[in-house]
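Every chain is numbered from 1 and lettered A, B, ... according to where its sequence line falls, protein lines coming before strand lines.
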Amino acid sequence: MNLSRTYCRETATVALGTDVKICGWLDTMRDHGHIVFLHLRDISGVVQVVLDPESLGDLSGFKLRSESVLIVTGRLRNRTEDTVNHKLHTGKIELFAASLEIVNDSETPPFAISERDGDVLDDVDEDLRLRYRYLDLRRPKMQASLIKRHKVTKAIRDFLSDERFIEVETPVLTKSTPEGARDYLVPSRVHHGGFYALPQSPQLFKQLLMVAGLDRYFQIARCFRDEDLRPTRQPEFTQVDLETSFMTENEIIDLVERLLVTTLASVGVTVTAPFPRISYDDAMLQYGNDHPDLRYDMCITDVTHVFKNTQYNIFKGIIQSGGAIRGFAIRGQSARLGKNILQNEFAKNVIPKLGGKGLTWMKLENGELLSNIVQFFSKEELDEIVSLLDAKDGDVLVFVADRNPGLVSEILGKFRLYLVTYLALVPTVLFAPCWVTDFPMFEKSDTGWAAMHHPFTQPSSPIPDSPDDAWMSSVKAKAYDIVLNGVEIGGGSIRNHRVDQQERLFKLLGLSDKDIDEKFGFFLKALRYGAPPHGGLALGLDRLVSMILDTPSIRDVIAFPKNRMAYCPLTQAPDHVSESQLTDLSLSIVPPKA
RNA sequence: GGGGGCGUAGCUCAGCUGGUUAGAGCGCCUGCCUGUCACGCAGGAGGUCGAGGGUUCGAGUCCCUUCGUCCCCGCCA
């Protein structure tokens with residue numbers, strides 16, 4: 001029989017009585033002595049194979065072990081009604097084996113690969129999974145993740161290609177530039193003492209492509225940053241990097257919204273454009289951070305003015321010293337949040353850990369505000385609070401007051417997210433994207449002013465000849481972040497296409513003429529040759545896919561990730577290199593400082 | 001860089017205020033079994049309790065050091 005291969009899952013749709021050949025791994029086996037049932041697994045799924053001495057002879061000749069590689073031919077037949085497996089896609093049929101070839105044996109794997117009855121085996125130690133990643137990736141769940149990632153990537157490529165974007169590769173060996181994250185460095189053999197840097201992003205190259213007139217560029221680009229890792233951070237990660245000429249901030253936002261709507265739809269996730277837009281200032285006030293999770297309400301409201309003339313001394317003192325009072329409503333949780341929890345757990349325990357001094361809480365029941373301190377407030381004050389927070393019976397109102405207004409929102413923002421977990425709140429929608437806009441252009445650092453987004457971003461107004469601190473601290477950037485479910489999944493900006501503005505900006509950021517020339521001379525030169533207005537954005541592909549699949553870490557959507565220590569347990573990289581390699585590079589290893 | 005959790009059989013874990021020979025489930029090995037699908041039944045192997053040191057008559061358990069790993073903060077234009 002010279003049969004072509006059929007994938008396991010597809011045997012369900014092949015006509016009964018057909019002879020087929022399937023290839024894959026031995027998933028599970030049920031040996032009844034004179035008859036053997038086994039599940040054969042390939043990337044498509046699982047199908048039951050029947051081994052019967054009638055057709056195969058003495059079965060004891062087969063050394064069958066889990067994860068052995070088998071090629072089986074035979075005839076597809078119906079199962080009898082009482083032997084149908086409803087949990088299996090191919091559960092109505094089975095393959096009656098005519099031949100069985102054990103193509104390769106397998107040692108007993110260190111952890112289970114079969115998902116059998118839908119078992120999820122994610123609780124195996126991650127280090128072990130990474131050490132045997134090729135086995136981990138054999139698990140159907142992990143394969144499904146990589147397949148979904150592929151679909152997302154393909155949808156992105158298709159969409160952008162249809163929108164006249166051109167995919168261009170940029171160098172991985174490039175030049176180290178100041179600011180930003182720590183670079184990964186690659187020593188040069190040919191250029192004694194010289195180092196390449198791996199790109200933190202293709203930022204400068206994509207801008208040069210705009211100068212080149214490519215008009216619309218994109219790349220599924222690997223980026224590298226040598227910083228400490230997190231569940232959402234790997235030393236190398238993938239960005240959907242794009243840049244356009246002659247487009248405004250609004251046009252880019254619209255384009256990226258359509259990109260995300262289309263891409264997410266391709267994997268069954270629905271989001272509707274336009275996405276809400278929140279200014280940086282509003283986000284900081286209402287959610288306490290610049291990446292608000294809009295799946296939940298509990299929006300923070302400033303109520304400072306309500307208590308201008310309050311008799312409550314704590315509030316009075318804080319207002320008099322320039323502080324703020326803010327709060328939010330926890331909807332319909334009055335019954336679950338007793339006085340004991342609110343006072344002894346939240347006010348005395350949780351809020352102090354978040355950096356707050358205390359928590360004022362009130363419950364609205366039968367149209368009346370109840371709390372341990374309600375008697376200190378006037379009826380007008382209480383009525384106004386109810387109105388401002390749109391409080392209803394069953395709501396719990398919580399307030400934090402502090403002399404530092406920024407801290408108030410920060411604490412409440414953290415408390416809000418704490419409550420989501422504590423109360424196991426159900427999100428109003430599964431996927432809640434939003435834009436955060438109007439970022440400050442600059443932020444204070446230890447050494448002076450730093451660019452909040454990056455030093456190629458255009459300020460919302462031209463840089464004056466000699467800007468003062470008031471201008472520096474108030475000017476906004478033409479920068480925008482895209483946030484999904486409280487995670488920043490991308491960000492971008494309109495860039496400086498005018499060389500005078502870009503030079504001025506570098507100087508404001510404290511770069512010397514020499515630094516500017518050495519690090520960015522080539523780039524500034526390019527801007528002098530007819531650089532068009534341009535701007536773009538980069539999306540974190542790993543984060544996006546991780547959110548779609550709701551995995552705890554982006555490691556789960558990367559085929560071969562590094563562990564928390566930026567180490568690869570599979571290949572054992574990084575590793576020492578030979579003396580001769582070091583000699584070629586004129587390097588020597590200095591012992592670490594004690 | 002700071003803080004926290006974890007480390008006991010191949011895997012996931014239990015092991016109390018320190019006390020005989022360290023257990024369970026799954027997996028693995030052997031045998032039996034003709035309709036199972038988390039097959040079943042009978043038997044078996046498998047442990048330097050991460051490592052080193054200390055306290056103690058006695059340490060998986062307490063203390064110190066160290067290694068590994070995960071999480072939070074710093075950091076991440």
Salt bridge check: are [X] and [Y] linked by an N-O gap of less than 4.0 Å?
X	Y	result
A:Lys476	A:Asp438	no
A:Asp517	A:Lys514	no
A:Glu67	A:Arg138	yes
A:Lys63	A:Asp105	no
A:Asp127	A:Arg131	yes

Of the nucleotides [options], which has the atom closest to the [X] side chain?
X	options	result
A:Met565	B:rG35, B:rC71, B:rC70	B:rC70
A:Asn563	B:rU36, B:rC70, B:rC33	B:rC70
A:Glu126	B:rC70, B:rG27, B:rC11	B:rC70
A:Asp228	B:rC37, B:rU12, B:rG1	B:rG1
A:Ile35	B:rG35, B:rG10, B:rC75	B:rG35
A:Arg225	B:rU12, B:rC33, B:rC76	B:rC76

To the nearest Å, how far apart are [X] [atom1] and [N] [atom2]?
X	N	atom1	atom2	result
A:Phe111	B:rC28	CZ	C1'	16 Å
A:Asp127	B:rG5	CG	C1'	16 Å
A:Arg79	B:rC39	CZ	C1'	13 Å
A:Asp27	B:rC39	CG	C1'	15 Å
A:Met29	B:rG27	CE	P	12 Å
A:Arg129	B:rG10	CZ	C1'	17 Å
A:Tyr184	B:rC75	OH	C1'	13 Å
A:Leu229	B:rC70	CG	C1'	12 Å

Please give the distance between the [atom1] atoms of [N] and [M] as a whole number of Å.
N	M	atom1	answer
B:rG18	B:rG2	C1'	33 Å
B:rA59	B:rA51	C1'	16 Å
B:rG58	B:rC72	P	43 Å
B:rA22	B:rG10	P	16 Å
B:rU61	B:rG43	C1'	34 Å
B:rG50	B:rC6	C1'	11 Å
B:rU8	B:rC49	C1'	4 Å
B:rA42	B:rG5	C1'	42 Å

Q. Does the side-chain ring of A:His32 sit on the six-membered ring of the B:rC39 base, less than 5.5 Å centre to centre and under 30° in tilt?
A.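 A:His32 ring centre within cut-off of B:rC39 base, planes near parallel; stacks.
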Q.
Angle between ring planes, A:Tyr418 versus A:Tyr422, binned at 30° and 60°: parallel, tilted or perpendicular?
A.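 Rings of A:Tyr418 and A:Tyr422: parallel, as their planes differ by under 30°.
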Q: Please work out whether the ring planes of A:Phe37 and A:His32 are parallel, tilted or perpendicular, with thresholds of 30° and 60°.
A: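 Answer is perpendicular, since the angle exceeds 60°.
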Can you find a donor-acceptor pair, distance only, under 3.5 Å between [X] side chain and [N] base?
X	N	result
A:Arg182	B:rG1	no
A:Glu227	B:rG74	no
A:Arg564	B:rC70	no

Applying a 3.5 Å limit to both distances, which nucleotide forms a Watson-Crick or G-U wobble pair with [N]?
N	answer
B:rC57	B:rG19
B:rG1	B:rC73
B:rA24	B:rU12
B:rC6	B:rG68

Under 4.0 Å between any heavy atoms, over every strand shown, what does [X] touch: base, sugar-phosphate, or nothing? Just pick one.
X	answer
A:Ala450	nothing
A:Arg230	base
A:Gln200	nothing
A:Asn85	base
A:Glu107	nothing
A:Pro110	sugar-phosphate

Q | Candidate pair A:Tyr217 and A:Asp241, rule side chain to side chain donor-acceptor pair (under 3.5 Å), full reasoning | A | CA-CA 8 Å; A:Tyr217 140 94; A:Asp241 192 46; 2.8 Å; yes
Q) A:Leu128 or A:His34: which one's nearest nucleotide on RNA chain B is closer to the 5' end? A)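 Going by which nucleotide is closer to the 5' end, it is A:Leu128.
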Q: Please tell me if the side chains of A:Arg9 and A:Val46 come closer than 4.5 Å, counting only heavy atoms from C-beta onward.
A: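 No - every pair of side-chain heavy atoms lies 4.5 Å or more apart.
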Would you tell me if any nitrogen or oxygen in the side chain of [X] comes within less than 4.0 Å of OP1 or OP2 on [N]?
X	N	result
A:Lys87	B:rA38	yes
A:Arg555	B:rU69	no
A:Arg30	B:rC39	yes

Q) Would a distance-only check, ignoring hydrogens and angles, find a side-chain to backbone donor-acceptor pair under 3.5 Å from A:Arg495 to A:Gln458? A)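 Not at all, since once roles are kept as given, no pair shorter than 3.5 Å links the two residues.
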**Q.** A:Asp281 side chain to A:Ser279 side chain, donor-acceptor N/O pair below 3.5 angstrom
**A.**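 A:Asp281 vs A:Ser279: no donor-acceptor pair found between side chains.
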Q.
Can you pull out the residues from residues 36-69 of chain A that lie within a 4.0 Å heavy-atom distance of RNA chain B?
A.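 Per residue number, the list reads A:Phe37, A:His39, A:Gln48, A:Arg65, A:Ser66.
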